[in-house]
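Down below is the structure, laid out as structure tokens.
For the numbers below, each heavy atom of this structure counts, side chains included, while hydrogens, waters and symmetry mates do not.
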Amino acid sequence: MTKKTDSDNDTDIIRQFNELKKKHPDAMLLFRRNSFYELYKQDAVKATAVLAIEIADRMLPDYKRPVKVASFPQSALDVYLPRLIRSGIRVAICDALDSPLKKKAGQDKTENNDRTIQNNTDMGKKKKEQGAQETPNRTVENTVDVKPARKKKSKAKAETRTDNEVKTEKKDEQKTEATQERKPREPQMVTANGEKVTHGHAYQSTTNPADWYFTAKIDGQQLKPQKMDAADLAAYQNKEMTVPQLMERYYPTKLMPKVSEEAFRMPMEIAGPDGSITVNKFNVYKEKDEQRPDFGKYKFYVQVGDTNMSAVASRQDLNAYFDRVATPNQLIEKNFGERLHLKSAYEKYQLPEGVDPKGVRVAKDRNDNKWKVSVDLGEKGQTSRHEISFDDGYSLFKTKTATREQIAAKYLNTEITDMLAANTAKVEKTASMKM
């Protein structure tokens, strides 16, 4: 009988896959083949997105188009199976069954073996009877009976040793394969701190299929998944965006150089308007007061002398703090600089180009007795009068660490930009009407 080729076996398995898929359409089928698990068609595509494993096209005799196939070693089942289950996928592990023709061939072979054993038994009986007739005395009979028994015993021992040796060799081969399969992955990138990024991949949400998330591991530690933008997902699926680029977008602070632990030691000194300011404590906490509007949010807390201050921390600043890529000095200056009247805190405020600084006016409103800022834009109009905070007024009049232009830019830049844009559109409209 002709031996089945690998392609014939593949065709049988795909046939079995199709039959099982009709019965269990919501399950992902893992077929055990030799020392690997294989997935086919839509299961292979889905597994590739979740497990970040490679997918290939396999041509089969009865199929005009190639069949999608993904596989992973049996030794990796303990790693991949929990990941599939956590993704909300129902998994079924299958063993490929022999085809009916192959089963019939096996039965024919068994029947032939039975006939052979029966013939050998009959021939043995005939020889034994002939030997008994030719035996001259009892002693010779015993000798003849004993010797074949010893030979059989020796032969059985030899066969047992051979079986044990084969089993040992198989175990050694399996151990060697497992050792080769468990080699550490090549990193997809290396951070500025020498940390290795692996397992970077996108996966689909099980609760909301419209949402996709990106995640990776750094030195074996799983990162918190980040929801992807639709444009990034499309670029990643079309291989227009790489894992390093996605890491830069969704985990930027993981890639930045870390600052020394010396920078986090308290107390510390920062430059203030009237000399050095001593910072006694700086940390992060979660607001637990249900009466506050920022309840449940993470906040920075700083103790400067006898003054205690807190501010809601942005996600970017929180990541910078926990990943140790920004110093407390930088975070304090960014989140509390204006309340500490630091000159550097106001340098980010600049009026739009073309605005005359002479038009800026800060004065006390006689109606409510509050300090307000406004800007006269000449022919373009005048802005509203906006109240300024106590800290900004203190920085402007007392410590002189802020200018009028900076105060105006902080409160009125959006309004000024809109007024300039509206005036430009009006001029263009007038010019077009004249033409």
query = Are the charged groups of Lys21 and Asp43 less than 4.0 angstrom apart, N to O?
reply =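 Yes, Lys21 and Asp43 are salt-bridged.
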ask   = Should the pair Lys370-Asp365 be classified as a salt bridge under the 4.0 Å nitrogen-to-oxygen rule?
value =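 Between Asp365 and Lys370 there is no salt bridge, as every charged N stays at least 4.0 Å from the carboxylate O atoms.
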Would you kindly say whether [X] and [Y] are connected by a side-chain donor-acceptor distance under 3.5 Å?
| X | Y | value |
| --- | --- | --- |
| Ser35 | Gln74 | no |
| Asp392 | Tyr346 | yes |
| Asp317 | Ser314 | yes |
| Tyr40 | Glu38 | yes |

Is any side-chain heavy atom of [X] less than 4.5 Å from a side-chain heavy atom of [Y]?
| X | Y | value |
| --- | --- | --- |
| Arg292 | Glu287 | yes |
| Met28 | Lys46 | yes |
| Gln303 | Val279 | no |

request  = Answer yes if the ring centres of Tyr236 and Trp212 are under 6.0 angstrom apart, and no otherwise.
outcome  =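 No, ring centres 6.0 Å or more apart.
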query = Taking the six-membered ring for Trp, are Phe300 and Phe282 ring centroids under 6.0 Å apart?
reply =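 Judged by ring-centre distance (under 6.0 Å), Phe300 and Phe282 do meet the cut-off.
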ask   = Of the non-hydrogen atoms in Pro244 and Gln188, which two are nearest, and what is the gap between them?
value =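 Minimum heavy-atom contact is CG-O, 3.9 Å.
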query = Closest heavy-atom contact between Thr191 and Lys254?
reply =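 Reported closest heavy-atom pair: CG2-O, 3.8 Å.
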ask   = Taking only residues two or more places apart in sequence, or in another chain, which ones meet Pro273 in a side chain to side chain contact (heavy atoms under 4.5 Å, CB included)?
value =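 Partners of Pro273 under the side chain to side chain contact (heavy atoms under 4.5 Å, CB included) test: Ile277, His341, Leu342, Thr399, Thr401.
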inquiry  = Can you confirm whether Lys372 is buried at NZ, in the sense that more than 12 heavy atoms of other residues, nucleotides or ligands lie under 6.0 Å from that atom?
reply    =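 Counting neighbours around NZ of Lys372, more than 12 heavy atoms of other residues, nucleotides or ligands fall under 6.0 Å, so yes.
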